[in-house]
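Remarks on the structure that follows.
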2 protein chains.
Amino acid sequence: MNSQEEVNDFVKNGHQQYLPHLSIDPVIIGYHDQQLKVLLLKWIGLNGWGLPGGFIQRREPLSQAAHRILHERTGLEDLFLQQFHIFGDSPYRVQERSVNEFNETYGLAIDGNTWLFERTLSIGYFALVDYSKVSVRTDFFTVDYQWWDVSEIPPLLFDQNEVVEKALATLRLQIYHQPIGYNLLPEKFTLPEIHTLYETILGKKLDQRNFAKKLVGLGLIKKLDEQRAIGPHRSPYLYQFEKDAYENALKQGIVHTY
Amino acid sequence: MNSQEEVNDFVKNGHQQYLPHLSIDPVIIGYHDQQLKVLLLKWIGLNGWGLPGGFIQRREPLSQAAHRILHERTGLEDLFLQQFHIFGDSPYRVQERSVNEFNETYGLAIDGNTWLFERTLSIGYFALVDYSKVSVRTDFFTVDYQWWDVSEIPPLLFDQNEVVEKALATLRLQIYHQPIGYNLLPEKFTLPEIHTLYETILGKKLDQRNFAKKLVGLGLIKKLDEQRAIGPHRSPYLYQFEKDAYENALKQGIVHTY
DNA sequence: GCAAAAGTGTTGTTTATACACCCATGC
DNA sequence: GCATGGGTGTATAAACAACACTTTTGC
């Protein structure tokens with residue numbers, strides 16, 4: 001959606017293609033340089049940052065819509081993508097919009113009504129992605145994008161700060177019950193890498209030896225016979241996820257601490 | 001909503017009051033006679049059983065809508081009520097309905113279209129209630145109600161079996177991380193009562209002594225100086241939840257097994 | 001040879017599990 | 001006095017938490 005014509009059609013007639021009152025807001029979480037990052041788009045008008053959301057097609061299964069939106073925005077497929085909450089309580093999610101507010105926000109000159117004025121509840125998904133594989137596509141509404149460190153999220157449009165907060169809280173809770181990392185790390189990774197990843201997500205130090213014992217003990221990762229030379233004084237062993245055990249743990253859940 | 005006139009108005013004009021495309025389906029879980037029960041309503045036509053759902057008013061915050069619907073159906077306020085999933089994947093949640101299907105289902109004679117034909121996603125909530133305090137109200141669409149044992153749920157309308165399953169699965173998972181029982185038991189209860197409750201929810205035996213040690217050790221319940229004579233050979237001590245510790249555990253979460 | 005990073009085991013403590021007998025009551 | 005259900009403690013095993021030195025490598 002890039003030409004002015006397409007945009008006008010979307011604003012005027014999008015409700016014929018998409019369900020009104022509902023949007024999907026994915027919190028795309030990547031990991032880079034020992035920091036957790038969230039992908040935000042800069043929306044036209046207002047200089048506002050927001051989530052790379054989208055709408056559900058009228059006959060499209062919900063989870064398919066979530067995957068489609070993510071794919072359209074990032075080029076990624078086959079992601080870890082999980083629904084975590086539906087937001088419909090904040091003032092922004094109760095009010096309808098006005099034509100003035102809308103035109104100001106997006107720098108448009110719509111007259112009359114559009115389905116986009118209507119109250120819209122947002123379905124929150126979060127995705128864990130390999131930072132380096134993402135190629136972001138912007139469109140008419142989104143003029144820029146940026147990966148933001150989770151500790152430095154700017155004020156977002158609508159109630160989206162709450163959405164991001166809840167996504168991160170869900171992730172931190174879930175890491176105690178499900179393995180995480182398959183989509184955040186390269187296929188082969190080192191112990192220090194996954195160790196730092198967990199420390200970053202949880203925001204606290206984890207004992208080096210206990211951590212390794214735990215993951216290997218649970219059978220989630222296995223040591224390979226390769227080492228990688230990644231810099232001065234450093235040639236750590238490589239590890240790999242045990243796919244079966246990993247999938248199993250995802251399904252069954254684990255009850256444990258770190 | 002009981003008179004024919006009200007029903008017709010709801011079918012024809014309900015979309016002016018309620019958001020289309022969204023419903024709230026509460027899974028109301030009660031506990032009685034050492035069994036977990038789910039409250040189901042019998043809908044007119046088709047002899048079908050289903051959840052006591054409702055719609056969201058256009059300017060009503062989502063969680064308020066959920067509480068309102070529950071209150072309208074059961075007379076209960078101030079419940080433990082929690083959103084757990086939004087359902088939008090099953091064929092029933094993708095298709096639109098036809099006038100014939102609709103009229104057959106509800107024994108109505110609508111002509112033309114209604115907002116109720118449209119694709120509707122369902123927001124799943126589950127509530128834990130004191131079985132004995134519920135006074136169910138039926139309306140035009142719901143001719144009967146019954147508490148069903150969780151192991152004997154009949155085939156439900158649409159994809160609602162999946163909704164109930166997921167509610168129960170969420171409850172079973174959550175019981176490991178949050179205290180449960182405040183809304184399922186009377187204010188004062190006995191150890192065997194709460195013990196059996198947990199066994200019922202989890203579907204497995206829990207050691208009597210270890211269970212008591214755990215709950216008292218966590219400070220969630222405290223023993224009172226009273227006993228209750230409840231039958232032959234039985235005069236167990238009464239216990240009470242420690243409100244502060246309980247609320248705190250709800251917020252913080254607990255990581256433990258039983 | 002020295003600075004930086006990775007690798008590796010042991011111990012004390014806490015937590016979980018398994019297990020059985022006595023007491024009180026109602027009949 | 002006996003049948004039923006409630007109450008209570010201990011010993012073993014497993015999991016967790018705390019802790020520091022050695023090895024490798026690049027410069």
Side-chain angles (χ1 to χ4, degrees), chain A residues 33-34 175-177 179 181 185-186 188-200 202-240 245 249 252-258, chain B residues 33-34 175-177 179 181 185-186 188-200 202-240 245 249 252-258:
Chain A
D33 202 14
Q34 306 192 5
I175 202 174
Y176 285 109
H177 313 301
L185 294 171
K188 296 175 181 182
F189 51 87
T190 68
L191 260 192
E193 280 171 350
I194 191 171
H195 179 221
T196 311
L197 169 64
Y198 271 69
E199 287 188 334
T200 305
L202 290 171
K204 66 181 185 190
K205 289 267 167 246
L206 300 172
D207 184 90
Q208 200 184 159
R209 283 167 282 194
N210 296 335
F211 179 80
K213 252 182 289 177
K214 185 86 193 184
L215 255 59
V216 175
L218 287 168
L220 291 175
I221 62 175
K222 70 158 180 276
K223 193 184 203 169
L224 301 175
D225 271 343
E226 310 167 51
Q227 288 175 289
R228 191 203 299 165
I230 50 173
H233 333 297
R234 303 169 68 185
S235 54
Y237 283 99
L238 289 172
Y239 285 74
Q240 210 171 11
Q252 312 273 321
I254 316 167
V255 176
H256 67 128
T257 57
Y258 281 100
Chain B
D33 203 12
Q34 308 193 2
I175 203 174
Y176 285 108
H177 312 301
L185 294 171
K188 296 175 181 179
F189 51 87
T190 68
L191 260 191
E193 280 172 350
I194 191 172
H195 179 223
T196 311
L197 168 64
Y198 272 68
E199 287 190 334
T200 305
L202 290 170
K204 65 182 184 190
K205 289 269 168 241
L206 301 172
D207 184 272
Q208 198 183 159
R209 282 167 284 195
N210 296 337
F211 179 79
K213 252 183 290 178
K214 186 84 192 186
L215 255 58
V216 174
L218 287 168
L220 291 175
I221 61 174
K222 71 159 180 274
K223 192 184 201 168
L224 302 175
D225 269 344
E226 310 167 51
Q227 288 175 288
R228 191 203 297 166
I230 49 171
H233 336 295
R234 305 167 68 186
S235 54
Y237 284 98
L238 289 173
Y239 284 75
Q240 212 171 8
Q252 311 275 321
I254 318 167
V255 177
H256 66 129
T257 58
Y258 281 100

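Each chain gets a letter, A, B and so on, in the order its sequence line appears, and its residues count up from 1. Please read all numbers here as calculations on a predicted model, not as lab measurements.
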inquiry  = Give me each pair satisfying salt bridge (charged side-chain N to carboxylate O under 4.0 Å, His left out) with a member in residues 220-229 of chain B, each pair once, sequence neighbours excluded.
reply    =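 For residues 220-229 of chain B, and leaving out neighbouring residues, the salt bridge (charged side-chain N to carboxylate O under 4.0 Å, His left out) pairs sorted by first residue read B/Lys188-B/Glu226, B/Glu193-B/Arg228, B/Lys222-B/Glu242.
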
Send over the distance from [X] [atom1] to [N] [atom2], rounded to a whole Å.
X        : N      : atom1 : atom2 : result
A/Arg228 : C/dG7  : CZ    : P     : 11 Å
A/His195 : C/dG7  : NE2   : P     : 12 Å
B/Leu206 : C/dA18 : CG    : P     : 11 Å
B/Tyr176 : C/dA16 : OH    : P     : 13 Å
A/Phe211 : C/dT8  : CZ    : C1'   : 16 Å
A/Leu215 : C/dT8  : CG    : P     : 15 Å

query = What pairs with B/Lys213 under salt bridge (Lys or Arg N to Asp or Glu O under 4.0 Å), at least two apart in sequence or on another chain?
reply =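 Per chain and number, B/Lys213 pairs via salt bridge (Lys or Arg N to Asp or Glu O under 4.0 Å) with no residue.
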
key: A/Lys205: partners by salt bridge (Lys or Arg N to Asp or Glu O under 4.0 Å), with sequence neighbours left out   =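 Listed in chain order: A/Glu199.
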
key: A/Ala212: partners by side chain to side chain contact (heavy atoms under 4.5 Å, CB included), with sequence neighbours left out   =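 Counting only residues at least two positions away or on another chain, A/Ala212 forms a side chain to side chain contact (heavy atoms under 4.5 Å, CB included) with A/Leu191.
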
key: Any residue meeting side chain to side chain contact (heavy atoms under 4.5 Å, CB included) with A/Ser235, in chain and number order, not counting sequence neighbours   =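 With sequence neighbours excluded, A/Ser235 shows a side chain to side chain contact (heavy atoms under 4.5 Å, CB included) to A/Gln227, given in chain and number order.
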
request  = For side chain to side chain contact (heavy atoms under 4.5 Å, CB included), just list the numbers for A/Ile194 and A/Tyr198, CA-CA rounded to whole Å, side-chain angles, deciding distance to a tenth of an Å, and then say yes or no.
outcome  = CA-CA 6 Å; A/Ile194 191 171; A/Tyr198 271 69; 3.8 Å; yes

key: Per-nucleotide protein contact string for nucleotides 7-14 of chain D, where B marks a base within reach and S marks sugar-phosphate only (heavy atoms under 4.0 Å, - for neither)   = BBBB----

